[in-house]
Asks: 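This structure is in structure tokens; I'll ask about it shortly.
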Amino acid sequence: MRQMPEHHSHPYQKAIGLALLTLALPLLWWVSSPARQFVFAPAIFVFFHNVLELFAVVVAMLIFMTGYRAVLSAREGAVVLLGVVFLGVGLLDLLHALSYVGMPDAVSANSPHKSMFFWLAARLLAALALLAYVGWTSGSKIGLRKKRLALVLMLAIVGVLAMIGLRWPERVPALFTPGQGLSPLKIGLEWLVISLNLAALGVLWQRRAALAQECGMALGFALALSAVSELFFTQLGVNDQDGANAVGHFYKGAAYLYLLHATFNEALRRPLAQLAGQHLREKVTLAAAPDGVLWVDQSGDILMANPAMENLSGYAAGELMGQNVAIFLPEHLRAQHAQSLLDNFTKPHPRPMGSMELNLLRRDGQWLPVDISLGYWGNDGVQHAIAYVRDLTERRKFEETLKHQASHDELTGLPNRWLFNLQLNQALARSGRAAARVAVLFLDLDDFKNVNDSYGHATGDALLVQVSARMRSVLRANDLLARLGGDEFGILLTDLLDADEAVIVANKLLWSLQASYHLPGREVYSGASVGMAFYPLDAQDSDTLLRYADMAMYRAKQAGRGGFALYSKEMDGRVRDDMQLHTQLKQALAQGALALHYQPQVDVATGAIVGAEALLRWFDPVLGQVPPTRIIPVAEATGLILPLSDWVLDAACAQIAAWTQAGLALRVAVNFSATQFNQPNLAEKVRAALARANAQAKWLVIEITESVAMKNPEQAREQLGALVALGCQVALDDFGTGYSSLAYLKALPIHKLKIDKSFMDGIPLDASDMAISKTIIAMAHSLGMTLVAEGVENEAQLAFLQQHGCEVYQGWLFAKAMPALALTALLRLDATRDAAHPDGATPDLVLL
């Protein structure tokens, strides 16, 4: 707590000062007229003058000694300066007294002119010092060297003035002429001194708040009385021994006394008060200190103990006084401690906190972990030590907590990557000696980014917690499960007899993650992909082993997700190629180097173009023409599929708008990946893409595969319903290649079924393909859906479609996928043909 400043009123000094200032008015009136002047007898005046000057010199010397020896002052530099200057003022006052008429001649004949020279020098020096003192703002300390330099400089100035005044007083301009009185120069200098004192008084008033602790009252009176003193010396008549002279000397002495009071307050009383306050603060600090404090002598006897030691040791502070510090040690260590204590006092080495930790024996017999800091000092030849004793119980608990936090994931509580690597290295070292196998499994969640982006990080965190609990429940107690970062987990399996054990664990993990997760306010699905690598078969060190497991996981993702893969040497080159492909693809996406080509879809009956499918094309200067079969798996595995899908949707919508504006309106089908389709805000993203391109939803066909639709039929129904509500149409691709429940298929809002190219390849030679295709056509017609056949490459296949009522086909028989400009030319040709045959039917344009 900050100590409030202590104010001293000094009522008697204040009353005397006010009385002197009040009395000065009638006295000035009294001496202002030569008729009222009182002239002393020379002998009496000399005696009276010497008494006053001797008093002033003594007071000036006291001011010098007090100021020069100032310690602990907030304005030490100012006080020292004032003290040094008043040494010069006192010496000049002494020279003034010795030069007075009636005193023995000092070097040269004494005269009023000579004495007034020293008088004015002293007054000017004092006035300048007081002005500097009240205006001094620096709080810096002043060293001994500077103090001595200032002292020598002051003595040099006094020496020069003494030389001038004693040896060559006649060279100084006249200050007093006998029979005529004061010269204008002397009166002007007196008024200069008065002005300096009044200026200092003004500065004091402006800085009264800053100087509140420096006895501002005494300073104010010292300045006011000094100014009044000089006023009397402007009233001297033809005689320098009149009443004005005597009163002026008296007021100068009074001013010195008030200045001594202020200097004493700043140089001695305030520092002593600060020491007393410091002593009190030290006592309060020791009493309030949370750490125990012991003061011991060189024998180890306790001279002082603060209250905190009672909580630490169980002994009351009073009980500890006079006891030896060995009571905090067990019996068998006390003799050893006594010798160690003696050695420490013989060659003391202060120890900071944190350098000595030990256990302290409490009164109740319990051990308390403590940290001890030691300091030593000597007093009158006796050595003492101060010991600060800090309870380490909470710190030890905190350190354990920090160790756990440093080695475990905060969200799931699982070991983190650092601890996983540590345990892996230890497991490899043990297995190397025992010739046992170790497996590292690298597991990455599927569609986690989708969940995080769509539902927020809180939902993503809740999913990670449930995933961790499920995996932990299917692992053995000695298996290590760690969260390596994000949605990546590492599993360490030790003491394996063969690789099949790790495969069994991988299947258990994947199976445990298949069921839906019940998260706050929603239900989500998120499987995983797992990669495995083995020691010593695949790698000999932990870093390589973990990297190979990561590669295998990447390959599992490319294979379709939701499965596992074992590392093989062939993966190294493929992964490097894929990473290069990913880097180039990311750059191409950012630089607009991708393109969409469109494969026309043709009406089976009329041969008119009724739609087109948007297909991604990419030519890279380094990699050449990269097929979608390479692009899509890499984009899926590296998380680039969403920005890539967004670009395809935007480009297709822009082309729909361009064809519509050109009078060639055409439905365009865009393939949606599983990751893109599973976004909860999919309908809003499609609506935004249509709005950006100013395209109509009725010309956009959303195409998903049968496997995506059937993975979570309820979710698919909601997503497709929202898209149809926008005005889009839906096509089901690769139909017949997977397993579809007809009940679910009937419930989905699907407009078109696409017969997969694999069935068309066998027509007309493969009876099975023909039977399957006829079944798909019949089923689609029964459900009111349009059929689109993919991969039609010859007339026989087209004839089969015509025979069995398939409405639309696409394939090389008509055209390969082409740039938008080429398809635009075909559309214009179709439009020209229709104009030439006005009775013909208007085709339904679809881009899939």
Asks: Might you point out which heavy atoms bring L496 and A439 nearest each other, and give the distance in Å?
Replies: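 Heavy-atom minimum between the residues: CD1-CB, 3.4 Å.
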Asks: Using every non-hydrogen atom in the two residues, find where L509 and I491 come nearest and quote the distance to one decimal.
Replies: CD1-CD1, 3.9 Å
Asks: Over all heavy atoms of both residues, which pair between M532 and A552 is shortest? Give the atoms and the distance, please.
Replies: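 Shortest heavy-atom separation between M532 and A552 comes out as N-CB, 3.6 Å.
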Asks: Nearest 0.5 angstrom please: I763 CD1 to D769 CG, how far?
Replies: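 Rounded to the nearest 0.5 Å, the CD1-CG separation comes to 6.5 Å.
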Asks: Identify the heavy atoms of G460 and N452 that sit nearest to each other, and give their distance.
Replies: CA-OD1, 3.4 Å
Asks: Side chains of L823 and I609, heavy atoms from C-beta outward: is any pair under 4.5 Å?
Replies: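 A side-chain contact exists here, since the closest heavy-atom pair is under 4.5 Å.
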Asks: Just wondering, do W618 and L644 contact through their side chains at under 4.5 Å, heavy atoms?
Replies: no
Asks: Between the side chain of R483 and the main-chain N/O of R417, is any donor-acceptor distance below 3.5 Å?
Replies: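 Not a single qualifying donor-acceptor pair exists.
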Asks: So, do Q696 and T660 sit near enough that their side-chain heavy atoms are less than 4.5 Å apart?
Replies: yes
Asks: Please assess W659 against T824 for the test side-chain hydrogen bond (donor to acceptor under 3.5 Å, both in side chains), listing each intermediate value before the final yes or no.
Replies: CA-CA 8 Å; W659 278 328; T824 301; 2.8 Å; yes
Asks: Quick one, M553 with V530, criterion side-chain contact (heavy atoms from CB on, under 4.5 Å). Give me CA distance, side-chain angles, the key distance, then yes/no.
Replies: CA-CA 5 Å; M553 183 277 299; V530 177; 5.9 Å; no
Asks: Under a 3.5 Å threshold, yes or no: a donor from one side chain and an acceptor from the other, between S526 and D446?
Replies: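 No, because no side-chain N or O of S526 sits under 3.5 Å from a partner of the opposite role on D446.
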Asks: Do L594 and L589 come within less than 4.5 Å of each other through their side chains, counting heavy atoms only?
Replies: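 Yes, at least one pair of side-chain atoms sits under 4.5 Å.
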Asks: Can you confirm whether L666 sits close enough to W699 that some side-chain heavy atom of one is under 4.5 Å from a side-chain heavy atom of the other?
Replies: no
Asks: Side chains of M785 and I750: closer than 4.5 Å at any heavy-atom pair?
Replies: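 Sidechains of I750 and M785: in contact.
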Asks: Within the distance-only criterion (no hydrogens, no angle test), does the side chain of Q540 pair as donor or acceptor with the backbone N or O of P536 below 3.5 angstrom?
Replies: yes
Asks: Between Y567 and Y548, how do the two ring planes meet: parallel, tilted or perpendicular, split at 30° and 60°?
Replies: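 Y567 vs Y548 ring planes: parallel.
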Asks: Report yes or no: does S773 contribute a side-chain atom to a donor-acceptor pair with the main-chain N or O of M770 at less than 3.5 Å?
Replies: no
Asks: Report the distance from atom OG of S645 to atom CG of N671, rounding to the nearest 0.5 Å.
Replies: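 The distance works out to 10.0 Å.
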Asks: Show, in sequence, the C-alpha distance, side-chain angles and deciding distance for H408 and L414, and conclude whether the side-chain contact (heavy atoms from CB on, under 4.5 Å) test is met.
Replies: CA-CA 5 Å; H408 288 74; L414 296 176; over 6 Å; no
Asks: Does Q676 offer a backbone N or O that forms a donor-acceptor pair with the side chain of Q679 under 3.5 Å?
Replies: yes
Asks: Taking atom CG as the centre, does N681 end up with more than 12 heavy-atom neighbours from other residues, nucleotides or ligands that are less than 6.0 angstrom away?
Replies: yes
Asks: Give a yes or no on whether the backbone of R476 and the side-chain of D479 come within a donor-acceptor separation of less than 3.5 Å.
Replies: yes
Asks: Closest approach of V708 and A674, non-hydrogen atoms and distance?
Replies: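 Taking every non-hydrogen atom into account, CG2-CB, 3.8 Å.
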Asks: Give, for atom OG1 of T705 and atom CZ of F677, the distance between the pair rounded to the nearest 0.5 Å.
Replies: 9.5 Å
Asks: Can you find a pair of side-chain heavy atoms, one from V808 and one from V602, that are under 4.5 Å apart?
Replies: no
Asks: Between E636 and S673, which heavy-atom pair has the shortest distance, and what is it?
Replies: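 Smallest interatomic distance, heavy atoms only, reads OE2-CB, 3.4 Å.
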Asks: When you look at CD of Q587, are more than 12 heavy atoms from neighbouring residues, nucleotides or ligands closer to it than 6.0 Å?
Replies: yes
Asks: Start with the C-alpha distance between Y598 and L615, add both sets of side-chain angles, then the distance that settles side-chain contact (heavy atoms from CB on, under 4.5 Å), and finish with yes or no.
Replies: CA-CA 6 Å; Y598 300 88; L615 298 172; over 6 Å; no
Asks: Might you confirm whether atom CD of E410 has over 12 heavy atoms from other residues, nucleotides or ligands at distances under 6.0 Å?
Replies: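 Not more than 12 within 6.0 Å, no.
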Asks: Working to the nearest 0.5 angstrom, can you tell me the gap between L682 CG and L726 CG?
Replies: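 The CG atom of L682 sits 9.0 Å away from the CG atom of L726.
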Asks: What verdict does the salt bridge (charged side-chain N to carboxylate O under 4.0 Å, His left out) test give for R692 and D650, after you've listed the backbone C-alpha separation in whole Å, the side-chain angles of each residue and the deciding distance to 0.1 Å?
Replies: CA-CA 8 Å; R692 283 194 297 272; D650 283 338; 2.8 Å; yes
Asks: Measure from the side-chain N and O atoms of Q797 to the backbone N and O of E793, and report whether any donor-acceptor pair falls under 3.5 Å.
Replies: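 Yes; at least one donor-acceptor contact below 3.5 Å.
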Asks: Between F489 and V467, does the side-chain contact (heavy atoms from CB on, under 4.5 Å) criterion hold? Intermediate values first, please.
Replies: CA-CA 10 Å; F489 296 85; V467 165; 4.1 Å; yes
Asks: Using the six-membered ring of W812, assess whether NZ or CZ of K816 lies under 6.0 Å from its centre and within 45 degrees of the ring axis.
Replies: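 Satisfied, under 6.0 Å and within 45°.
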Asks: Short question: side chain of N425, backbone of L428 - any donor-acceptor pair under 3.5 Å?
Replies: no
Asks: What do the steps show when you test E807 against K752 for salt bridge (charged side-chain N to carboxylate O under 4.0 Å, His left out), and what is the final call?
Replies: CA-CA 10 Å; E807 292 87 349; K752 296 177 176 64; over 6 Å; no
Asks: Is there a donor-acceptor contact under 3.5 Å linking the side chains of D761 and S758?
Replies: no
Asks: Rounded to the nearest 0.5 Å, what separates atom CD in Q426 from atom OG1 in T494?
Replies: 11.5 Å
Asks: Okay, side chain of R717, backbone of L748: is any donor-acceptor separation there less than 3.5 Å?
Replies: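 Side chain of R717 to backbone of L748: no pair is present.
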Asks: Where do D409 and T412 land on the side-chain hydrogen bond (donor to acceptor under 3.5 Å, both in side chains) test, with the steps shown first?
Replies: CA-CA 6 Å; D409 175 52; T412 62; 2.7 Å; yes
Asks: Does the pair K754 and E790 meet the rule for a salt bridge (charged side-chain N to carboxylate O under 4.0 Å, His left out), with working shown?
Replies: CA-CA 7 Å; K754 298 190 72 175; E790 292 184 300; 2.9 Å; yes
Asks: Report yes if the side chains of L493 and V505 come closer than 4.5 Å at any heavy-atom pair, otherwise no.
Replies: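 Touching, per the 4.5 Å side-chain cut-off.
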Asks: Nearest 0.5 Å, please: how far is CD1 in I755 from CD1 in I772?
Replies: 11.0 Å
Asks: Has the side chain of D538 got a donor or acceptor atom that lies under 3.5 Å from a matching backbone atom of F534?
Replies: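 Side chain of D538 to backbone of F534, a donor-acceptor pair under 3.5 Å: yes, one is there.
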Asks: Looking at Q655 and A651, would you say the former's side chain and the latter's main chain have a donor-acceptor pair under 3.5 Å?
Replies: no
